[in-house]
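What you are looking at is a predicted structure, and each value in this text was computed from that prediction instead of being measured.
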Amino acid sequence: MNDDKNIACSQWAIKERPFIEFCKKNTDNAVGVCGVDVLDERRVVFVSLIGLHKTWKQTPLYILYSCLIFLPMSRQWLYSKRKKRSNHDEIANDNVFMSFLRFKNEQSFVFWAGDDAADMDMECDANPHSGIQGDLFAPFWKNVSKRLSMLYDPITRRNYAPLKADDFFKDRVKFVSRFQNNSSTILSELYFVHMKFKAVQEILYQSNHTLNAIVSFAPDRININHNRRSPSSCHSTISSPGFWISADYDPET
């Protein structure tokens with residue numbers, strides 16, 4: 001058994017050498033918090049592929065290691081050698097970044113909206129601890145809720161809470177938006193999976209305040225004193241919010 005594990009580890013190291021070499025060359029960025037008074041210990045969640053790609057090399061390694069990533073596509077896009085040409089060719093041709101994404105996928109820290117039905121464990125509907133239930137909710141968000149409830153939160157020292165159900169977002173007293181969303185936008189996201197940045201950020205924040213959902217990384221995000229800004233400034237660096245690229249991968253081509 002140990003030999004099998006060693007072989008598997010060796011094969012992984014060879015395959016993901018671009019990301020490993022990046023880490024070795026950027027050991028100075030392992031912490032990258034010089035001048036910061038108090039660290040923001042929330043787990044970072046990237047909700048934009050473009051935002052992540054533009055800023056990941058400036059992101060401290062400890063954040064890259066622990067972060068979650070939400071992508072509006074199938075994981076087959078990551079491993080396919082033939083990708084339909086699109087305006088995201090720059091990302092697909094970035095070998096180091098793609099190696100990083102494969103590393104995160106091996107961690108089970110990537111949430112693929114294009115694989116919602118395949119990944120969804122139908123036992124969620126029968127499990128009251130899995131969070132959102134019922135036919136109205138998209139399988140993707142049911143899967144997210146279940147996986148979060150199985151993931152350890154280092155701040156609370158227990159697992160993350162499952163996602164809030166639609167009753168919470170319909171309640172005008174309980175639901176106070178942090179990302180300038182209204183209830184109908186959130187419900188549409190939970191039912192149909194549009195992967196709009198603000199809606200995804202809102203769903204994650206309202207369910208777990210210890211998740212820091214961002215579009216792109218900025219150095220001042222790791223200083224808790226800077227996280228009191230208006231949430232709208234969190235995605236001012238990306239010019240095309242709400243992009244949808246699931247059609248960029250076509251398994252038949």
Side-chain angles (χ1 to χ4, degrees), residues 39-56 58-59 63 66-73 109-113 116 131-132 136-138 140-145 147-149 151 153 155-156 160-246:
L39 286 180
D40 184 345
E41 297 179 342
R42 295 174 297 168
R43 188 191 296 267
V44 168
V45 184
F46 286 95
V47 300
S48 166
L49 176 64
I50 294 176
L52 173 60
H53 182 248
K54 285 185 175 181
T55 60
W56 79 285
Q58 290 76 50
T59 304
I63 292 180
S66 63
C67 73
L68 307 178
I69 303 172
F70 278 62
L71 296 179
M73 61 223 305
F109 281 2
V110 183
F111 294 79
W112 302 92
D116 52 7
I132 55 177
L136 288 176
F137 295 101
F140 170 71
W141 286 113
K142 291 183 182 181
N143 189 36
V144 170
S145 185
R147 288 173 61 184
L148 282 179
S149 67
L151 184 62
D153 180 351
I155 295 180
T156 64
Y160 289 102
L163 298 183
K164 298 285 188 182
D166 50 357
D167 288 345
F168 171 83
F169 293 104
K170 293 177 182 178
D171 191 319
R172 296 184 179 181
V173 176
K174 293 182 179 179
F175 173 47
V176 179
S177 178
R178 179 176 172 81
F179 295 93
Q180 296 85 49
N181 289 291
N182 55 43
S183 296
S184 60
T185 300
I186 300 302
L187 296 177
S188 180
E189 179 62 51
L190 289 172
Y191 298 159
F192 302 109
V193 191
H194 304 295
M195 295 295 283
K196 297 295 184 180
F197 296 158
K198 287 185 179 181
V200 175
Q201 289 175 295
E202 192 79 68
I203 290 170
L204 296 175
Y205 170 79
Q206 295 295 342
S207 303
N208 291 277
H209 289 0
T210 52
L211 289 176
N212 184 16
I214 63 175
V215 173
S216 58
F217 179 79
D220 61 5
R221 291 193 194 287
I222 56 180
N223 189 330
I224 199 168
N225 295 327
H226 289 277
N227 283 322
R228 306 186 188 280
R229 299 181 304 166
S230 168
S232 60
S233 65
C234 292
H235 33 82
S236 59
T237 58
I238 303 301
S239 59
S240 56
F243 73 99
W244 180 267
I245 60 171
S246 59

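A 4.5 Å side-chain heavy-atom check between F109 and C67 finds every atom pair outside the cut-off. L68 places none of its side-chain heavy atoms less than 4.5 Å from the side chain of L204. Under the 4.5 Å side-chain criterion, counting only non-hydrogen atoms from C-beta, F111 is not in contact with V45.
Here Q201 contributes atom CD and N181 contributes atom CG; the two are 8.5 Å apart, rounded to the nearest 0.5 Å. Put simply, CZ on F179 and OG1 on T185 are 14.0 Å apart, with the number rounded to the nearest 0.5 Å. Separation of atoms CD1 (I214) and OG (S48) is listed at 10.0 Å; rounding is to 0.5 Å.
Scanning for ring-ring contact (aromatic ring centres under 6.0 Å, His included) contacts around F46 gives an empty result, with sequence neighbours left out. By the side-chain contact (heavy atoms from CB on, under 4.5 Å) test, Y191 pairs with L136, F137, D166, K170, L187, sequence neighbours left out. S66 meets the side-chain contact (heavy atoms from CB on, under 4.5 Å) test with R43; sequence neighbours excluded. For F168, there are no ring-ring contact (aromatic ring centres under 6.0 Å, His included) partners two or more places apart in sequence or in a different chain. Taking the ring-ring contact (aromatic ring centres under 6.0 Å, His included) definition, one finds that F169 meets it with F175, sequence neighbours left out. Applying the side-chain contact (heavy atoms from CB on, under 4.5 Å) rule to D153 yields the partners I155, T156, Y160, T210; only residues at least two apart in sequence or on another chain are considered.
Put simply, the side chain of S188 never gets that close to the backbone of S184: no donor and acceptor are under 3.5 Å apart. E189 places a side-chain N or O within 3.5 Å of a backbone atom of H194 that can act as its donor or acceptor partner. A donor-acceptor pair under 3.5 Å links the side-chain atoms of T55 to the main chain of F217, judged by distance alone. Using modelled atom types, one side-chain atom of H209 and one backbone atom of Y205 make a donor-acceptor pair closer than 3.5 Å. Checking side-chain atoms of D171 against main-chain N and O of K174 turns up a donor-acceptor pair under 3.5 Å. Side chain of S145 to backbone of W141: no donor-acceptor contact under 3.5 angstrom is found. Here the side chain of E202 pairs a donor or acceptor atom with the backbone of R178 at under 3.5 angstrom. A donor-acceptor distance shorter than 3.5 angstrom exists from the side chain of Q206 to the backbone of V176, with no hydrogens or angles considered.
Across all non-hydrogen atoms, the minimal contact from F197 to V47 is CE2-O, 3.3 Å. Of all heavy-atom pairs between S216 and G51, the closest is CB-O, 3.7 Å. Between A161 and L148 the shortest heavy-atom distance is O-CB, 4.3 Å.
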Trace of the side-chain contact (heavy atoms from CB on, under 4.5 Å) decision for I203 with L190:
CA-CA 8 Å; I203 290 170; L190 289 172; 3.7 Å; yes
Please assess S207 against K164 for the test side-chain contact (heavy atoms from CB on, under 4.5 Å), listing each intermediate value before the final yes or no.
CA-CA 5 Å; S207 303; K164 298 285 188 182; 3.6 Å; yes
Begin with the C-alpha distance, continue with both residues' side-chain angles, and end with the deciding distance and a verdict on side-chain contact (heavy atoms from CB on, under 4.5 Å) for M73 and L49.
CA-CA 10 Å; M73 61 223 305; L49 176 64; 4.3 Å; yes
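Under the side chain to side chain contact (heavy atoms under 4.5 Å, CB included) rule, R42 has a single partner from N212, L211, N208, which is N212.
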